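Data block below; observations after.
The structure displayed is predicted, hence computed values, not measured ones. All chains are named by letter (A, B, ...) in the order of the sequence lines, taking the proteins before the strands, and each is independently numbered beginning at 1. What's counted below: heavy atoms across the whole structure, side chains too, no hydrogens, waters or symmetry copies.
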Protein chains: 2
Amino acid sequence: MRMAEAREEPVGKAATILHAARQAFLASGFGAVSMDAIAREAAVSKATVYAHFNSKEALFGAVVADVAEQHFAGFTALELDPHDIEASLTTIARRFLDLVLSPEAIAVNRIIIGEVTRFPALSEVFWQAGPERNRIQIEGFLRRAAAAGSLAIDDVRLAGEQFRSLLRGEIYLRRLFGLEGRDDPAALAGAAARAVHTFLRAFGPTSS
Amino acid sequence: MRMAEAREEPVGKAATILHAARQAFLASGFGAVSMDAIAREAAVSKATVYAHFNSKEALFGAVVADVAEQHFAGFTALELDPHDIEASLTTIARRFLDLVLSPEAIAVNRIIIGEVTRFPALSEVFWQAGPERNRIQIEGFLRRAAAAGSLAIDDVRLAGEQFRSLLRGEIYLRRLFGLEGRDDPAALAGAAARAVHTFLRAFGPTSS
DNA sequence: GTCTATAATTGGATAGAC
DNA sequence: GTCTATCCAATTATAGAC
């Protein structure tokens, strides 16, 4: 039985190459990064890169799968109290925004969107590993909250989609377009609060 | 005084080249398109392309500016009646979705997002020509509706942002990721109706 | 301005030694 | 598996004739 590999200091050439490729692709996209640059960054020869990954496309796919799997795995809403609706929604909101607005998530979104015509399959992989998981977690909570009488929801799927849409807001798009940098945590909390506020105006127990 | 140039059949080599480049870039992105391909498509030599545009980057920039300017120019909400709130919001909603979900808009979004690290300035150009215009039009209507007592809005800017976010919903993201094709108009109308419905639950005159 | 032909470079991928 | 050296195709950009 082995320990899990460290995240910061990759062990082995394959991990080193994957790590270097990840940095490079997330920073510059697919087209602007050369295999030479990746090999240089990983401090190995190009032949070694090809010994582990058959092509640039394959390496790119491995990076996307790696990022998606690792980055979105932790999102959960299981332990939240459906009776304390505002606090629970606010917690979900902050977790969601922390995740989707993180520089790494934005970078992955960018390259997948930009290369969707060249790698249509990657979108599907990413969507299942990322947004779908978030959706299921959030819908689970909304369902429990509706059952507890904390929310007046007919269509849980729709309400969940609208909640996530309110959360993303304009800031997510502006980040994708590179129009603003990293928010301070206070701004993020404010965005979460405004989305929760409006969501509760529409779906709160007293609204219908 | 000359007539405006026809849109379908570009007049002159420069326009022909721009047209061909537009088709190619929108279909495949920046990196996957070669100047050879553009010259071939435009039925001119590569030297002629370079006679009109100094570089591939410059040609790309011209395409983005052209698309942004032309595509978003027509969005307006000026003539809508703030007293017939549901109908007016629904009209805005359909126009907005028609625009932002159109294949051409999705394609432009994709290439700008994908190349944002290589062409940071293009995002700004596009944002001003597109989303900002939509925002201003929609806020103008919301302000009139709030003044008329048709909506209960404190912060017009926020309400407008949330309305647009509800409209984009999941479908906009799924389009960006290439996960679904062109909607039939009925589905689009349904998405508009659901967003308006929720918006009115939150901001309608009876809700607060 | 427009063409043909070509320069100059880059970049993905591999051969062969160790 | 790993390296050095190299091949080969594609691509941006330009020279020079008309």
Side-chain angles (χ1 to χ4, degrees), chain A residues 2 5 9-66 111-112 114-122, chain B residues 2 5 9-66 111 114-115 117-122:
Chain A
R2 307 265 321 280
E5 290 182 9
E9 280 304 320
V11 180
K13 299 265 166 148
T16 306
I17 293 165
L18 196 62
H19 184 78
R22 176 174 173 154
Q23 304 295 118
F25 283 137
L26 291 191
S28 311
F30 179 79
V33 171
S34 71
M35 293 296 261
D36 281 281
I38 292 171
R40 201 180 321 123
E41 181 72 20
V44 299
S45 75
K46 219 171 14 164
T48 301
V49 175
Y50 279 95
H52 289 275
F53 301 93
N54 290 324
S55 67
K56 187 183 177 184
E57 278 83 359
L59 178 53
F60 183 65
V63 166
V64 170
D66 184 49
I111 56 179
I112 293 178
E115 302 296 336
V116 71
T117 58
R118 212 185 321 211
F119 305 101
L122 286 188
Chain B
R2 308 264 320 280
E5 290 183 8
E9 282 303 320
V11 180
K13 299 264 168 149
T16 306
I17 292 165
L18 196 62
H19 184 79
R22 174 174 173 154
Q23 304 294 117
F25 282 137
L26 291 191
S28 311
F30 178 80
V33 171
S34 71
M35 295 294 261
D36 280 280
I38 291 170
R40 202 181 318 126
E41 182 72 19
V44 301
S45 76
K46 225 173 3 167
T48 302
V49 176
Y50 279 96
H52 290 274
F53 302 92
N54 290 325
S55 66
K56 187 181 176 185
E57 278 82 1
L59 178 52
F60 183 65
V63 165
V64 169
D66 184 49
I111 56 178
E115 302 296 336
T117 57
R118 214 184 320 210
F119 304 101
L122 286 186

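Residue pairs meeting the salt bridge (charged side-chain N to carboxylate O under 4.0 Å, His left out) criterion with at least one partner in residues 45-58 of chain B, sequence neighbours excluded, are B/D36-B/K46. Listed by first and then second residue, the ring pair (Phe, Tyr, Trp, His ring centres under 6.0 Å) pairs involving residues 34-53 of chain A amount to none (not counting sequence neighbours).
A/I112 is linked by a side-chain contact (heavy atoms from CB on, under 4.5 Å) to A/V64, A/V108, A/S123, A/F126, B/F177, counting only residues two or more places apart in sequence or in another chain. In this structure, the side-chain contact (heavy atoms from CB on, under 4.5 Å) partners of A/E41, at least two apart in sequence or on a different chain, are A/A20.
With rounding to the nearest 0.5 angstrom, the CG atom of A/L59 is 8.0 Å from the CD1 atom of A/I17. Taking OG1 from B/T117 and CG from A/L26, the interatomic distance works out to 11.0 Å, rounded to the nearest 0.5 Å.
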Steps toward side-chain contact (heavy atoms from CB on, under 4.5 Å) verdict (A/T16, A/V44): CA-CA 9 Å; A/T16 306; A/V44 299; 5.5 Å; no
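Contact check of residues 33-41 of chain A against DNA chain C (heavy atom, cut-off under 4.0 Å) returns A/V33, A/S34, A/M35. Residues from residues 44-62 of chain B with heavy atoms under 4.0 angstrom of DNA chain D, sorted by number: B/K46, B/A47, B/Y50, B/S55, B/K56.
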